[in-house]
Amino acid sequence: MQASIPSQHHRPLPWVDQCLELTERGELDEALQAGRQALEEGLRNNTLWLMLDVFAYLAGKRGRLGDAALAFGCADAEFTHRAAMRRPAEQRAHDVTLAALREAMPAYFVSALLTEGAALSVEEAARLALDA
């Protein structure tokens, strides 16, 4: 089965892209506000799973590495289940934060958190990452 990239009309672009951009610039309070707006939008239109990598990236930048790992575990499970691929910007955020997790924590601990995150609901993982 070939992995698919979700079509543009299913992408939660405005708020989640703003959250990603603000996180990259280090404007974390503003990114958190945009992330919470994106969460509400994602709940309404069933695209929340697409936002988890960005929320995890923000959690990692805020020093919430455990929550970032849990959100990544859930995101990985969703992308695998849906045979979908991340957009390049989300893949970079995923890779950067995963590297930070592996640098800050023992590998077995990161693995355990990713596994635990895979069992969370998308909403639970998003709310943990955003502390919402």
Side-chain angles (χ1 to χ4, degrees):
M1 174 188 299
Q2 186 176 16
S4 65
I5 297 175
S7 65
Q8 194 68 8
H9 69 280
H10 289 145
R11 299 300 306 187
L13 292 174
W15 289 111
V16 78
D17 284 349
Q18 183 180 22
C19 179
L20 178 60
E21 182 180 320
L22 289 165
T23 301
E24 288 174 338
R25 291 194 322 232
E27 298 175 26
L28 303 183
D29 290 338
E30 294 84 356
L32 190 56
Q33 285 181 298
R36 289 179 176 153
Q37 289 289 334
L39 182 145
E40 296 305 319
E41 182 179 326
L43 286 171
R44 279 193 300 276
N45 63 21
N46 199 29
T47 58
L48 191 58
W49 67 278
L50 294 167
M51 303 176 186
L52 288 175
D53 287 311
V54 173
F55 296 164
Y57 180 52
L58 174 57
K61 289 290 189 177
R62 294 177 60 222
R64 301 171 55 88
L65 295 177
D67 291 334
L70 291 170
F72 277 145
C74 185
D76 287 343
E78 286 294 316
F79 274 89
T80 299
H81 172 74
R82 297 168 188 265
M85 291 175 29
R86 291 169 169 91
R87 293 187 305 167
E90 291 153 350
Q91 187 64 54
R92 276 192 312 279
H94 181 273
D95 295 347
V96 165
T97 307
L98 196 54
L101 291 172
R102 290 184 172 143
E103 187 175 311
M105 301 176 192
Y108 71 88
F109 194 62
V110 173
S111 179
L113 287 170
L114 293 173
T115 299
E116 184 179 340
L120 294 175
S121 75
V122 171
E123 183 175 354
E124 289 173 316
R127 290 192 183 279
L128 279 172
L130 295 173
D131 194 28

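Model, not experiment: these values are computed from the prediction. These numbers come from the heavy atoms of this one structure, side chains and all, not from hydrogens, waters or symmetry mates.
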**OP:** I would like to know whether Trp49 and His81 meet side chain to side chain contact (heavy atoms under 4.5 Å, CB included); could you show each step before the answer?
**Re:** CA-CA 11 Å; Trp49 67 278; His81 172 74; over 6 Å; no

Subject >> Chi angles and distances behind the side chain to side chain contact (heavy atoms under 4.5 Å, CB included) call for Phe55, Leu48 >> reply: CA-CA 10 Å; Phe55 296 164; Leu48 191 58; 3.8 Å; yes

**OP:** Check the pair Leu50, Phe79 against side chain to side chain contact (heavy atoms under 4.5 Å, CB included), reporting the backbone distance first and the verdict last.
**Re:** CA-CA 8 Å; Leu50 294 167; Phe79 274 89; 4.3 Å; yes

**OP:** Before giving the answer on salt bridge (charged side-chain N to carboxylate O under 4.0 Å, His left out), spell out for Glu90 and Arg87 the whole-Å C-alpha distance, their side-chain angles and the decisive distance to 0.1 Å.
**Re:** CA-CA 5 Å; Glu90 291 153 350; Arg87 293 187 305 167; 3.0 Å; yes

**OP:** Would you check, one step at a time, whether the test side chain to side chain contact (heavy atoms under 4.5 Å, CB included) holds for Glu21 with Asp17?
**Re:** CA-CA 6 Å; Glu21 182 180 320; Asp17 284 349; over 6 Å; no

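The side-chain heavy atoms of Leu98 and Leu101, taken from C-beta on, include a pair separated by under 4.5 Å. Two residues are said to be in side-chain contact when any heavy atoms from C-beta on lie closer than 4.5 Å; Leu114 and Phe109 fail this criterion. Leu32 is listed as a side-chain neighbour of Leu58, based on a closest heavy-atom distance under 4.5 Å. At least one side-chain heavy atom of Leu43 sits less than 4.5 Å from a side-chain heavy atom of Leu39. Looking at Glu24 and Tyr57, their side chains come closer than 4.5 Å, going by heavy atoms from C-beta outward. The closest side-chain heavy-atom distance from Asp67 to Arg62 is not below 4.5 Å. Side chains of Glu116 and Leu70 form a contact here, defined as non-hydrogen atoms less than 4.5 Å apart.
In this structure, the separation between CG on Leu113 and OH on Tyr108 is 10.5 Å, given to the nearest 0.5 Å. Atom NZ in Lys61 sits 13.5 Å away from atom CZ in Arg25 (nearest 0.5 Å). If you take CG on Leu128 and CD on Glu123, they are separated by 10.5 Å, rounding to the nearest 0.5 Å. We find the CD-SG distance between Glu30 and Cys19 to be 11.0 Å, quoted to the nearest 0.5 Å.
Remark: side-chain polar atoms of Ser111 are not paired, donor with acceptor, to backbone N or O of Ala107 under 3.5 angstrom.
Ring-centre distance between His94 and Phe72: below the 6.0 Å cut-off.
Considering every non-hydrogen atom in both Ala68 and Gly60, the closest pair reads CB-N, 3.8 Å. In terms of heavy-atom proximity, Ala104 sits nearest to Leu65 at CB-CD1, 3.5 Å. Scanning all heavy atoms of the two residues, the minimum distance from Ala129 to Ala56 falls at CB-N, 4.2 Å. Between Gly35 and Leu130 the shortest heavy-atom distance is O-CD1, 3.4 Å.
A salt bridge links Asp76 with Arg86: the distance from a Lys NZ or Arg NE/NH1/NH2 to an Asp or Glu carboxylate oxygen falls below 4.0 Å. In this structure, Glu41 does not pair ionically with Arg44, as no charged nitrogen and carboxylate oxygen lie closer than 4.0 Å. With respect to the salt-bridge test (charged N to carboxylate O, under 4.0 angstrom), the residues Arg36 and Glu40 do not qualify.
No continuous path of hydrophobic side-chain contacts links Leu22 to Met51 [ILVMFWY only; heavy atoms under 4.5 Å].
Checked by atom type, the side-chain pair Asp29/Gln33 shows no donor-acceptor distance below 3.5 Å.
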